[in-house]
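Side-chain atoms are counted along with the backbone in the values below, which use heavy atoms only and exclude waters and symmetry mates.
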Amino acid sequence: MAPVDAYAEELLEGLNEPQRQAVVHGGGPLLVLAGAGSGKTRVLTHRVAWLVRTGQAGLGEILAVTFTNKAAAELRDRVAGLLGRSVRGLWVSTFHSACVRILRVEAERLGYSRQFTIYDADDARRLLKRCLGDIDADTKRYTPNAVHNRISDHKNRLRSVDDAARLAHGPYDQTVVAAYRAYQDALVRNNAMDFDDLLGRVVDLLERFPEVRRRYRSTFRHVLVDEYQDTNPAQYRLLQLLCMDDPTHDGTGDDVGPLAGEEPGHRNLMVVGDDAQSIYGFRSADIRNILDFEDDFPDAEVIRLEQNYRSTQNILTAANGLIAHNVEQRPKTLWSDAGAGDEVRIRALPDDHTEARWVVSEIERLAGGGVPLGEIAVLYRTNALSRAIETALTQAELDYRVIGGVRFFDRAEVKDAMAYVQWLHNPADTVAFARIVNRPRRGIGDTTVGRLLAHADATGATPLEAIADPAAAGLRTAAIRAVGGFAEQVAAMRESLDTDPTVADLLSDVLRHSGYRDELQASVDPQDEGRLENLEQLVAYAEEFDDEDGGDVDADGTGPLDRFLQQVALVSDSDRRSDAPDGQVTLMTLHNAKGLEYDAVFLVGCEDGVFPHSRAIDAGELDEERRLAYVGVTRARRHLALTWSRRRALYGPPQPQMPSRFLRELPADVLDDLSSEATSAHAPIPTLRERPGPGSVGRIGRPAGRADRGGRSISALGLRRGSDLAGAGGGTPTGPDIAPGARVRHRKFGEGVLVRREDDVLVLRFDDHGERRLIAGFARLEPVD
DNA sequence: TATTGCCTCGTTTTT
DNA sequence: CGAGGCAATA
């Protein structure tokens, strides 16, 4: 190890033993299993500072990757604080922005230009929708959303179109493959990459170009990864390529063989994570990466951080007890010396309004006891559950903020403005073009746009070239005039593009030349005022960017507009998750809560089917749901309550609910007296401070035979609507029975036969998908005659 | 080409 | 219950 002086030594002060071991780790692969609240960011920052101070690495030789911009910024700031100087040159960034930074330099090697566009999920789906049309796919069965998820999964597993074709099984897969092929082709022609490509193309780059690989391998002598449990196979492969001697495993389970003529890797890979908090499997994150770390890196050192500095022991015991129900995991036992603290509470409420009012009355009680509202969070599985809580908070006149929902850069008007600039920057981008060509309305309808795009496609031209000669695209006089007018506006915007020194001026000019601003100003729709404000905010944001950016053109040829577009694509409002301003209760999904902590946490909607979510139950993904519960529980420092509703209206009429199975997995000895009864069918209703408002109690049952919506009444089919077989109380399926042997159709799995019933579980054999067990309360089945 | 109304369908989502 | 998609209309 490098010599250690007192100056470096002070970086170890205040660390516990395992933390210290991780920081001074000599070299080679290191896995830090960092339980919730165990100080993993501390370890990462001190490790980076240690490497620098002991002279083991220069700032420019360290790559630290995170998943969020917020985490990257925090890491950077804290390292700067520890070192007491600028950390310019240190690569601290998200996987995606590190990849973009590499791709901007190397794009030409991959057949892209430096100006390539980054498509977010919305852009990608627009393009994919067009591709699905081109291959004549039935867009009912093959929704852009579903198909994009499948393609994304292929990409995250580094499957090329041909790989996907080899794996395709059945007609659905084959259509997905055809869509993948058309979509990938379209991306290249648009000079665009989606989020998944950013990773996948860098992997391509490093695999195909040894000299590029060598360059980055020798640049980054130390690679550190945060939240390793959330890495997907592409990210895994990327790390292999950057660090290892013989990047044999590609993360997909297939051996790709050693890379020819490879120089030894530095092997200095440090990963930090917690398998118990792996909650992004649905986005192709692979928990095996952290579970199998020592198999992949046989000489790896493993350090466990189990001392928790956040929560009281009762909360940690609850968390430990819960997660112990997962089959496969790294055994870990969080402990704290903060004392037992409050008991954990479980409460059963008659309906979602009462549940919300109970939570709010408890919030008032805590607030009265001196807990700041900003230190209180209400967590839920799905965004739809926020509504009842919001209503109750509003009635109690408590201030709150909801994390999630529509983000600033996702707002239609903001995306429109950005699409203008994006298209000016990359005229091959047909998604941006299609978005703005008729916004504001200029009489260029869908058919005209279709003709322009088809013509551009056929001639290999960009939309910019196509609008210059509308007659050639086969347009008639009215359309030609409309397109001509648009072309004039575009010419004015391109003039601005060439002359405007700043991004803010360009944006402002675009809003003027396009008529977008005028249209909103002239509008009588009251919402347009807000839209106008958002656009002014966007310009203000750009001004800020210009000031910070300086406007130089880099050595690699990237200018301010490149950087601005990239930032907006990758840094959607990062401050939303920042610490709560005082006086506001925070509402958010469990996913959004990861990495945060609050004095008091309420986890609402703990009902089977809601949490764990019915789709997760169907898909057999209970472990991931349980980890999500674990994340929720471990957010709390001192107060934790979990609630469920006996009846809840998710959509349509209220349905009876059963308590979440996770509630029964919490160890009884950390629960208070009321909790022990709260998961039973006869749970008492806790007292509320206010009297229930009128009409707050849902009607019990519903009028028999009422058709729920237009079309065939479901009762006419012999079934009740929604969760057709939902139990009326005891959890036993009631309603018209579907007898074993009956042919049924499930919306997702298609037709099949009901094999048998086991309590509240239906066992069905589907024609395509083999056997499946469905929870009766959530199995939407239609009988097939 | 733009608007209206009907129908369908329902997770989570760091980038 | 509501948002978004699509087909029928003005």
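- At a cut-off of 3.5 angstrom, counting only N and O atoms as typed in the model, there is a donor on one side and an acceptor on the other between the side-chain of A/R381 and the base of B/dT12.
- A/R647 has no carboxylate O lying under 4.0 Å from a charged side-chain N of A/D351, or vice versa, which leaves the two without a salt bridge.
- Atom-to-atom, CG of A/L650 to P of B/dT12 comes out at 12 Å; the value is rounded to the nearest Å.
- When rounded to the nearest whole Å, the span between CD1 of A/I617 and P of B/dT12 equals 15 Å.
- Rounded to an integer number of Å, the gap from A/I118 CD1 to B/dT15 P is 13 Å.
- Taking 4.0 Å as the cut-off between side-chain N and carboxylate O, A/R531 and A/D528 count as a salt-bridged pair.
- Comparing the P positions of B/dT13 and C/dG4 gives an interatomic distance of 16 Å, to the nearest angstrom.
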Restricting both atoms to N or O, compile the protein contacts to nucleotides 5-10 of chain C shorter than 3.5 Å, with distance only.
residue, atom, partner, partner atom, Å
C/dC6, OP2, A/K129, NZ, 3.4

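- No engagement by A/D196 is indicated, since no non-hydrogen atom pair under 4.0 Å with the nucleic acid exists.
- Checked by atom type, the side-chain pair A/Y516/A/D416 shows a donor-acceptor distance below 3.5 Å.
- Taking 4.0 angstrom as the limit, A/T589 places a side-chain polar atom (N or O) nearer than this to OP1 or OP2 of B/dT13.
- Under the 3.5 Å distance criterion, with hydrogens and angles disregarded, no donor-acceptor pair is assigned to the side chains of A/R237 and A/N232.
- Aromatic ring centres of A/F282 and A/H591: separated by under 6.0 Å.
- Spacing between atom OH of A/Y380 and atom P of B/dG10 amounts to 21 Å, rounded to whole angstrom units.
- By the criterion of a centre-to-centre distance under 5.5 Å and near-parallel planes under 30°, the ring of A/Y651 forms no stack with the base of C/dG2.
- Contact annotation: A/N383 side-chain N/O to B/dT11 OP1/OP2 distance is not under 4.0 Å.
- One interatomic measurement links the two molecules: CG of A/D623 to C1' of B/dT12, which rounds to 16 Å at whole-angstrom precision.
- At a cut-off of 3.5 Å, with distance as the only test, a side-chain donor of A/D194 or A/Y183 sits close to an acceptor on the other residue.
- We find that the ring of A/F67 and the base of B/dT15 do not stack by the test of centres under 5.5 angstrom and planes tilted less than 30°.
- In this structure, of B/dT11, B/dT13, B/dT15, it is B/dT15 that holds the atom nearest to the side chain of A/N69.
- Using a 4.0 Å heavy-atom distance criterion, A/R387 is classed as a sugar-phosphate-only contact.
- The listed nucleotides are B/dT11, B/dT13, B/dT14; the one nearest the side chain of A/D230 is B/dT14.
- When rounded to the nearest whole Å, the span between NZ of A/K594 and P of B/dT15 equals 11 Å.
- Minimum atom distance to the side chain of A/F282 is reached by B/dT12, of the listed B/dT14, B/dT12, B/dT15.
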- Query: Which is it for A/I290 and A/D275 under the side-chain contact (heavy atoms from CB on, under 4.5 Å) test, yes or no, and what are the steps along the way?
  - Reply: CA-CA 6 Å; A/I290 194 163; A/D275 55 297; 3.6 Å; yes
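- Side-chain atoms of A/R283 stay outside donor-acceptor range of the base of B/dT14, with no qualifying N/O pair under 3.5 Å.
- Residues A/R615 and A/E621 are not paired through a salt bridge, judged by the lack of any N-O separation under 4.0 Å between the basic side chain and the carboxylate.
- For the pair A/H613 and B/dT11, the ring geometry qualifies as stacking, because the centroid separation is below 5.5 Å while the planes lie within an angle under 30°.
- Going from atom CG of A/D123 over to atom P of B/dT13 covers 19 Å, rounded to whole Å.
- For the residue pair A/Q422 and A/R435, no side-chain donor N or O sits within less than 3.5 Å of a side-chain acceptor on the partner.
- The pair A/D153-A/R150 does not meet the salt-bridge criterion, since no charged nitrogen lies less than 4.0 angstrom from a carboxylate oxygen.
- Taking atom CG of A/D153 as the reference point, atom C1' of B/dT13 lies 14 Å away to the nearest angstrom.
- Evaluation of the ring pair (Phe, Tyr, Trp, His ring centres under 6.0 Å) rule for A/F95 yields A/F67 as partners, not counting sequence neighbours.
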Review item, nucleotides 1-4 of chain B N/O atoms under 3.5 Å of protein N/O:
residue, atom, partner, partner atom, Å
B/dT1, OP1, A/T447, OG1, 2.1
B/dT1, OP2, A/T448, OG1, 3.1
B/dT3, OP2, A/R441, NH1, 3.1

